[in-house]
Number of protein chains: 2
Amino acid sequence: MPDGDWTIPQLAVTVDLAVLTIRSDQLQIMLVERGIPPFQGTLALPGGFLASTSEDIDAAATRELTEETGLRAEHLHLEQLRTYGAPDRDPRQRVITVCYLAFAPDLPSPTAGGDARAATWMPVDKALHKRTTIAFDHKQIITDALERARNKIEYTTLAATFCEPEFTVSDLRKVYEIIWAQPIDPRNFHRKVTGVPGFLIPTGDRTIRHGGRPATLYRKGPATLLHPPILRAAPHGR
Amino acid sequence: MPDGDWTIPQLAVTVDLAVLTIRSDQLQIMLVERGIPPFQGTLALPGGFLASTSEDIDAAATRELTEETGLRAEHLHLEQLRTYGAPDRDPRQRVITVCYLAFAPDLPSPTAGGDARAATWMPVDKALHKRTTIAFDHKQIITDALERARNKIEYTTLAATFCEPEFTVSDLRKVYEIIWAQPIDPRNFHRKVTGVPGFLIPTGDRTIRHGGRPATLYRKGPATLLHPPILRAAPHGR
DNA sequence: CCAAAAGTGTTCACCGTACACCCATGT
DNA sequence: ACATGGGTGTACGGTGAACACTTTTGG
């Protein structure tokens with residue numbers, strides 16, 4: 001950090017959220033419809049300006065997230081994704097956005113938090129489709145969020161954050177299959193994840209199913225890293 | 001991004017650099033001595049305020065980096081590390097710092113770029129030592145930079161960015177050994193890295209050594225990802 | 001000849017993959 | 001009985017770790 005005591009005028013900082021969840025067997029992202037220009041009526045990532053001069057940016061992201069989802073922070077994963085600062089990304093003024101990535105289980109209702117704005121879910125595929133219009137550079141942000149999510153579940157236990165508090169190995173496998181868009185052998189996956197110490201804690205209960213053997217229910221354990229990682233078939237991301 | 005058209009007053013955005021290099025068989029980080037309070041006389045990461053309202057933050061980082069190192073951007077690696085926005089991280093005013101991580105080969109002179117400020121190198125170990133004082137929250141940033149670097153060379157070819165344009169397999173291995181602070185078997189390492197397609201391009205020349213068989217010289221090839229990654233012995237970083 | 005560093009060959013243990021097979025439930 | 005999904009056993013192939021060994025230089 002340099003010496004000097006001046007600020008660029010007309011410089012604003014916002015915190016935006018890329019909230020991912022799995023709904024209807026699809027990876028979906030939370031979007032809000034913009035009420036004013038620019039991009040009036042189009043969809044954008046939820047977010048907002050810093051609430052006060054003394055608010056930490058991480059805290060601002062947490063606040064936004066719990067407001068939008070209505071969930072408690074412990075049931076979510078939140079991490080900083082990247083900061084976007086192209087000079088023309090907002091036509092009104094210079095806006096720098098610190099963007100956060102969040103993983104959430106499927107939520108009872110999109111706007112359970114009581115927020116006035118209409119938050120909706122859209123499949124990530126559809127949001128990234130050529131013909132879909134997303135405000136600002138948010139389509140790029142969604143692309144980055146997807147890539148980060150795909151990489152992250154390889155070597156962490158965060159995939160479980162997409163599941164309900166109690167979930168089966170199948171539920172967890174579905175998360176991987178949906179995010180990676182590739183099938184996974186159920187038998188080997190089962191052995192793999194149950195073999196990681198501290199990842200899955202059996203609750204003692206079992207599912208009541210419509211057919212088939214009942215599955216053991218698990219809770220997420222304290223482990224955060226997977227060793228060795230669950231590697232995808234194809235070379236990482238390129 | 002939300003609706004609204006106002007800015008927090010007294011909010012400044014800076015771009016800081018965590019530049020890593022290998023000098024004297026140690027991982028070192030570039031620091032500058034602060035000329036004015038706060039933290040006058042103590043060391044801090046190089047960086048600065050955005051040069052103009054229309055400057056992209058990535059471009060600002062590149063500019064700072066080439067100014068400080070005197071090297072052309074092609075010989076360096078630069079990526080965004082993280083944004084730090086704790087409200088009290090600068091006692092003067094609210095400052096949000098977008099921090100970048102850079103890898104550089106050993107440089108001819110620390111301030112070859114002709115910059116007036118005195119840039120120095122300090123071993124990362126020493127910078128992170130309990131008794132070393134570093135300005136602002138920059139010690140935390142250095143910690144994050146080190147962790148990122150350690151992870152990054154696992155699955156990318158970026159370790160070669162620490163080497164001269166032409167280097168041997170031994171040179172590259174030393175980079176890994178120094179950054180990971182752990183010995184690596186020279187034979188297996190050799191086979192591993194020479195086996196990655198597009199990683200190492202032989203120049204045809206060999207080293208002239210003070211003893212021992214001359215080593216083949218390589219240039220960095222177009223490959224960017226390592227598949228499979230070079231995994232460290234111990235569980236990743238925890 | 002010896003030391004030192006580069007580079008190759010070989011062995012072995014482990015692990016991911018593939019898949020046969022058994023288990024426990026609903027219909 | 002049969003379908004459906006949960007979960008275990010096992011054989012095979014690839015790869016990383018360990019290390020003996022050869023190659024090529026300087027002293």
Side-chain angles (χ1 to χ4, degrees), chain A residues 25 153-155 160 163-164 166-178 180 182-197 199-219 225-236, chain B residues 25 153-155 159 163-164 166-178 180 182-197 199-219 225-236:
Chain A
D25 288 345
I153 62 173
E154 258 188 352
Y155 61 94
C163 298
E164 303 298 314
E166 298 199 357
F167 56 92
T168 66
V169 173
S170 279
D171 295 335
L172 185 63
R173 178 168 48 84
K174 267 202 169 174
V175 171
Y176 278 92
E177 290 180 329
I178 289 167
W180 285 345
Q182 75 179 211
I184 296 172
D185 186 293
R187 288 85 51 115
N188 294 331
F189 182 82
H190 185 280
R191 218 193 332 261
K192 175 100 187 185
V193 294
T194 52
V196 177
F199 187 6
L200 301 179
I201 312 293
T203 65
D205 292 335
R206 302 179 152 263
T207 48
I208 301 166
R209 320 296 260 82
H210 41 292
R213 175 176 171 178
T216 311
L217 283 169
Y218 294 92
R219 225 180 283 278
L225 292 174
L226 290 184
H227 257 294
I230 306 178
L231 289 175
R232 284 171 279 174
H236 273 69
Chain B
D25 288 346
I153 62 173
E154 259 189 351
Y155 61 94
C163 299
E164 303 298 315
E166 298 197 357
F167 56 93
T168 66
V169 173
S170 278
D171 295 335
L172 185 63
R173 179 169 47 84
K174 267 201 170 176
V175 171
Y176 278 92
E177 289 180 331
I178 289 168
W180 284 346
Q182 75 178 211
I184 297 172
D185 184 291
R187 290 84 54 115
N188 294 331
F189 181 83
H190 185 280
R191 218 193 335 261
K192 174 100 188 186
V193 293
T194 53
V196 176
F199 188 4
L200 301 179
I201 312 293
T203 64
D205 293 335
R206 301 177 154 265
T207 47
I208 301 165
R209 320 297 259 85
H210 42 290
R213 176 176 172 177
T216 310
L217 283 169
Y218 294 93
R219 225 181 283 278
L225 292 175
L226 290 184
H227 257 294
I230 306 178
L231 289 175
R232 283 171 280 174
H236 274 72

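Predicted model only: the values in this text are computed from it and were never measured.
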*For each nucleotide in nucleotides 18-27 of chain D, reading 5' to 3', give B when a protein heavy atom comes within less than 4.0 Å of its base, S when such contact involves only the sugar-phosphate, and - otherwise.*
BBB--BBBS-
*Evaluate the side-chain proximity of A:Ile230 to A:Ile184: yes if any heavy-atom separation is below 4.5 Å, no if none is.*
no
_Do B:Pro197 and B:His227 have side chains that approach each other closer than 4.5 Å (heavy atoms only, starting at C-beta)?_
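B:Pro197 vs B:His227: side chains apart.
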_C:dG7, OP1 or OP2 - any side-chain N/O from B:Thr216 closer than 4.0 Å?_
yes
*Phosphate OP1/OP2 of C:dG7: any B:His190 side-chain N/O under 4.0 Å*: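 For B:His190, the contact criterion (side-chain N or O under 4.0 Å from OP1 or OP2 of C:dG7) is met.
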Determine the contact category for [X]: base if any of its heavy atoms lies under 4.0 Å from a base atom, sugar-phosphate if only primed atoms, P, OP1 or OP2 are that close, otherwise nothing.
| X | value |
| --- | --- |
| B:Thr168 | nothing |
| B:Pro228 | sugar-phosphate |
| B:Ser170 | sugar-phosphate |

*Sequence neighbours left out, what passes side-chain hydrogen bond (donor to acceptor under 3.5 Å, both in side chains) with A:Arg219? Give chain and number order.*
A:Glu166
*Give the intermediate values and the outcome of side-chain contact (heavy atoms from CB on, under 4.5 Å) for residues A:Thr194 and A:Tyr218.*
CA-CA 10 Å; A:Thr194 52; A:Tyr218 294 92; 3.7 Å; yes
Between atom [atom1] in [X] and atom [atom2] in [N], what is the gap in whole Å?
| X | N | atom1 | atom2 | answer |
| --- | --- | --- | --- | --- |
| A:Phe189 | D:dG5 | CZ | P | 17 Å |
| A:Leu217 | D:dG7 | CG | C1' | 15 Å |
| B:His227 | D:dT15 | NE2 | P | 13 Å |
| B:Gln182 | D:dG16 | CD | C1' | 14 Å |
| B:Glu177 | C:dA5 | CD | P | 13 Å |
| A:Lys192 | C:dA18 | NZ | P | 14 Å |

*Could I get the full list of ring-ring contact (aromatic ring centres under 6.0 Å, His included) partners for B:Tyr176, not counting sequence neighbours?*
B:Trp180, B:Phe189
*asked:* Counting only heavy atoms from other residues, nucleotides and ligands, does the tally under 6.0 Å from NZ of A:Lys174 exceed 12?
replied: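 At most 12 heavy atoms, drawn from other residues, nucleotides or ligands, come within 6.0 Å of this atom.
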*Taking all non-hydrogen atoms of both residues into account, name the closest pair between A:Thr216 and A:Pro202 and its distance.*
CG2-CB, 4.2 Å
